Amino acid sequence: MRALSSCVTAVCFLSCATGGHGGKDEVNPPYGQPGHHHHFGFGAPADPAKPQVEAPLPAPEPIVATPVDPGDGGAPVAPRPITPRKLWSMKLAGLGASSPRVVDLDGDGVLDVVVGGGMQTSGGSWLYALNGRTGEVLWKSHFTEEFYATPVLIDITHDGVPDVFVGGRDSDFTALDGKTGKPLWSLRRVNPKGDVPRRSFNGGLAVPDQDGDGIDDLVVSNGGGLDDSARLPGRVMLISAVTGKLLANTALPDKRETYSIPALASAHPLEVIAGTGGETLNGHLYRLPLGPPPAAPRWAAASGPGQGFVPSPFITHVKGAGAVFEVGHDGRVTRVDLESGALQWEQSLPGFEAMASPSPGRFGGSADVDVVVTRSKGTFPLFKWVNRITWLDGETGAVLDEADTGVFSSASPVVMDFDHDGLDETLTLSMDSFAPFEGSVVSTVTVFDGARGKQKRMQLKLRGTGQATPTVADVDHDGTLDLLLSYLGTIDRYALEVADAGAAPDVRWGGFRGPGFDGVDRFGEADAGTP
């Protein structure tokens with residue numbers, strides 16, 4: 001099984017498929033069955049011996065500022081088009097699965113970019129650090145297997161530069177110096193007595209100090225990979241960021257595999273929301289205490305009968321009540337109570353499945369927190385019809401708006417308010433094919449206006465597979481948001497320009513796993529990150 005980030009990336013953020021088609025496949029049996037050979041990506045790379053003919057990119061749809069009803073009783077507004085202006089582009093081997101993280105690594109005041117190259121390439125994979133102003137490589141670190149997870153950032157060397165923590169398919173989790181890229185520790189080497197199962201590290205998060213050394217620590221999910229003969233149970237690990245020592249190694253109660261990345265429910269005592277199950281295996285959503293001795297979950301919520309929680313949850317507050325939002329692989333969007341796990345509502349879209357994580361925002365619902373999800377029509381691994389974006393009222397689950405873009409998406413929606421009108425725009429990344437190694441794949445970045453009707457304000461066409469969640473941030477602090485896009489073998493930086501923009505946009509959910517990279521929405525009515 002493979003998860004998408006979303007990512008996994010799995011993920012996502014990560015990718016997961018066989019040949020991108022239906023029917024019997026003797027070489028790669030269906031996921032969830034013994035004998036599947038885990039490889040990264042949806043299909044095989046193009047045959048280099050065959051000439052690759054590139055068709056012209058389709059023209060973006062014209063973006064017209066037409067009056068729309070904001071849905072809140074106010075006067076109609078005319079959303080202004082957003083213009084993407086390319087600042088730089090870099091071709092780097094293996095890019096496409098890891099979502100970019102931004103952080104100043106060289107001390108020049110401009111945010112730099114850390115991104116993993118986790119796609120299948122000969123000779124392993126690379127983790128890259130790029131100068132945010134120019135795109136030039138500051139350093140790169142080589143791994144023998146696919147280190148596809150989106151990096152976690154914590155300064156453990158006390159030099160003012162966050163260090164980099166990343167994992168992937170070679171069953172290890174590694175710390176790297178943020179200035180140089182040199183290894184600091186390897187989880188497997190620090191814990192050599194068989195404590196680290198030979199499964200993939202799909203991603204992690206920084207959590208407030210748990211071992212008393214004054215430095216944030218790490219929570220990572222471990223599951224999937226190297227398990228062709230059986231579905232191995234997943235684990236959630238608490239790791240000392242400074243030393244790499246395992247502080248807790250918690251098996252998930254239902255003994256299901258895990259691909260979703262936990263969200264931080266409580267810092268002291270440490271509790272996370274963790275999901276289990278996969279594309280063809282059901283599972284649970286747990287509020288799980290971490291730390292010795294192991295403790296029973298505070299609550300468990302079940303997934304659908306045949307599919308689990310592959311995407312990753314987020315935590316927020318809706319009218320003062322703690323809430324967990326998640327989407328199952330079967331496309332069911334759920335809101336459960338943070339304290340009790342009681343189901344508040346669920347919304348289904350028959351015939352659609354989800355590999356991307358949900359995102360919060362203000363989209364015109366009855367509370368300050370709504371949710372946006374992206375789901376694809378079909379049954380894994382056959383997606384060839386349409387990808388649908390759905391905006392839901394966070395309080396009631398009612399559908400606020402829907403829009404179709406592309407055929408498939410594994411990238412989580414990115415959310416920001418360009419106009420300071422109290423309604424958030426949504427940036428999505430979709431593909432026109434579920435076979436990303438084919439040279440003809442086109443990915444599309446779309447920005448939808450926050451008002452009801454979801455007018456398109458930007459459309460950008462790219463040649464290549466866009467699996468990873470984009471990152472939006474003001475890289476050079478000039479008041480204009482920048483878009484970082486990692487897709488097949490390429491990373492681009494665009495400035496997102498709006499005429500007469502005024503104040504800089506507010507960014508609510510600017511990348512994979514949110515502003516704190518811990519699945520916590522801090523724009524809610526209460527701060528879910530400090531319970």
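Predicted model, so just to flag it, every value in this text is computed and none were measured. When a residue number appears, it is its place in the shown sequence, counting from 1.
Judged purely by atom type and a 3.5 angstrom limit, D492 has no side-chain atom pairing as donor or acceptor with the backbone of S89. No side-chain donor-acceptor contact under 3.5 Å links D424 to the backbone of G450. No donor-acceptor distance shorter than 3.5 angstrom exists from the side chain of T469 to the backbone of S99, with no hydrogens or angles considered. A distance-only check finds no donor-acceptor pair linking the side chain of T258 to the backbone of G234 [under 3.5 Å]. No donor-acceptor distance shorter than 3.5 angstrom exists from the side chain of D521 to the backbone of G514, with no hydrogens or angles considered. A donor-acceptor contact shorter than 3.5 Å is absent between the side chain of T276 and the backbone of E257. Without hydrogens or angle criteria, H420 side chain to G502 main chain gives no donor-acceptor distance under 3.5 Å. A side-chain donor-acceptor contact under 3.5 Å links D370 to the backbone of F363. For the pair R375 (side chain) and R388 (backbone), a donor-acceptor distance under 3.5 Å is absent. Side-chain N or O atoms of S312 include none that pairs as donor or acceptor with a backbone N or O of S357 at under 3.5 Å.
Atom CG of N131 and atom CG of L111 lie 11.0 Å apart (nearest 0.5 Å). Taking CD1 of I389 as the reference point, atom CD of E402 lies at 10.0 Å (rounded to 0.5 Å). Residue T446 holds its OG1 atom at 8.0 Å from CG of L427, rounded to the nearest 0.5 Å. If you take CE on M90 and CD on E136, they are separated by 8.0 Å, rounding to the nearest 0.5 Å. Taking OG1 of T480 as the start and CG of L483 as the end, the distance is 13.0 Å to the nearest 0.5 Å. Distance check, rounded to the nearest 0.5 Å: CG of L92 to OG1 of T490 gives 8.0 Å.
For the pair V372 and V415, the minimum side-chain heavy-atom distance is below 4.5 Å. In this structure the side chain of R452 reaches within 4.5 angstrom of the side chain of L400, judged on heavy atoms. Side-chain contact between L138 and L130 is absent, with no heavy-atom pair separated by less than 4.5 Å. In this structure, the side chains of T428 and T374 stay at 4.5 Å or more apart for every pair of heavy atoms. The shortest side-chain heavy-atom distance between E425 and R457 falls under the 4.5 Å cut-off. You'll find the side chain of P262 stays beyond 4.5 Å of the side chain of I273, heavy atoms only. T444 places none of its side-chain heavy atoms less than 4.5 Å from the side chain of L429. At a threshold of 4.5 Å between non-hydrogen side-chain atoms, the residues D482 and L496 do not count as touching.
Residue S141 comes nearest to L176 through the heavy atom pair OG-CD2, 3.9 Å, listed as atom of the first residue, atom of the second, then distance. Contact record, G275 with L285: CA-CD1, 3.9 Å, taken as the closest heavy-atom pair. The two residues P358 and V371 have their closest heavy-atom pair at CB-CG2, 3.8 Å. Between R133 and W88, the closest heavy-atom pair is O-CD1, 3.3 Å. Of all heavy-atom pairs spanning V114 and P151, the tightest one is CG1-CG, 3.7 Å. Minimum heavy-atom separation, S412 to S359: CB-OG, 4.1 Å.
Residues meeting the side chain to side chain contact (heavy atoms under 4.5 Å, CB included) test with P505, sequence neighbours left out: F418, L481. For E346, the side chain to side chain contact (heavy atoms under 4.5 Å, CB included) partners are R332, T334, L343, not counting sequence neighbours.
Every pair passing ring-ring contact (aromatic ring centres under 6.0 Å, His included) that includes a residue from residues 447-499 is listed here, sequence neighbours excluded: W391-F448.
Checking D419, L423, I82, T426 one by one against D449, the side-chain contact (heavy atoms from CB on, under 4.5 Å) holds for a single residue, D419.
A side-chain donor from one of S376 and N387 sits under 3.5 Å from a side-chain acceptor of the other.
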Q: Give the C-alpha distance, both sets of side-chain angles, the deciding distance and a yes or no for side-chain contact (heavy atoms from CB on, under 4.5 Å) between T316 and F523.
A: CA-CA 8 Å; T316 188; F523 273 68; over 6 Å; no
Q: Check the pair V164 / T174 against side-chain contact (heavy atoms from CB on, under 4.5 Å), numbers first and verdict last.
A: CA-CA 8 Å; V164 181; T174 300; over 6 Å; no
Q | Full working for side-chain contact (heavy atoms from CB on, under 4.5 Å) between T465 and M431 | A | CA-CA 7 Å; T465 302; M431 297 179 282; 3.1 Å; yes
Q) Does the pair R256 and N282 meet the rule for a side-chain contact (heavy atoms from CB on, under 4.5 Å), with working shown? A) CA-CA 8 Å; R256 296 289 201 262; N282 65 356; 2.8 Å; yes
Q: Please assess D417 against R508 for the test salt bridge (Lys or Arg N to Asp or Glu O under 4.0 Å), listing each intermediate value before the final yes or no.
A: CA-CA 8 Å; D417 183 0; R508 180 164 188 160; over 6 Å; no
**Q.** Pair W509-F314, ring-ring contact (aromatic ring centres under 6.0 Å, His included): steps then yes or no
**A.** CA-CA 11 Å; W509 204 255; F314 75 82; 5.8 Å; yes
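A cation-pi contact, defined as under 6.0 Å to the ring centre and within 45° of the axis, links R101 to F517.
Taking the six-membered ring for Trp and the full ring otherwise, the centers of W139 and Y128 sit at least 6.0 Å from each other.
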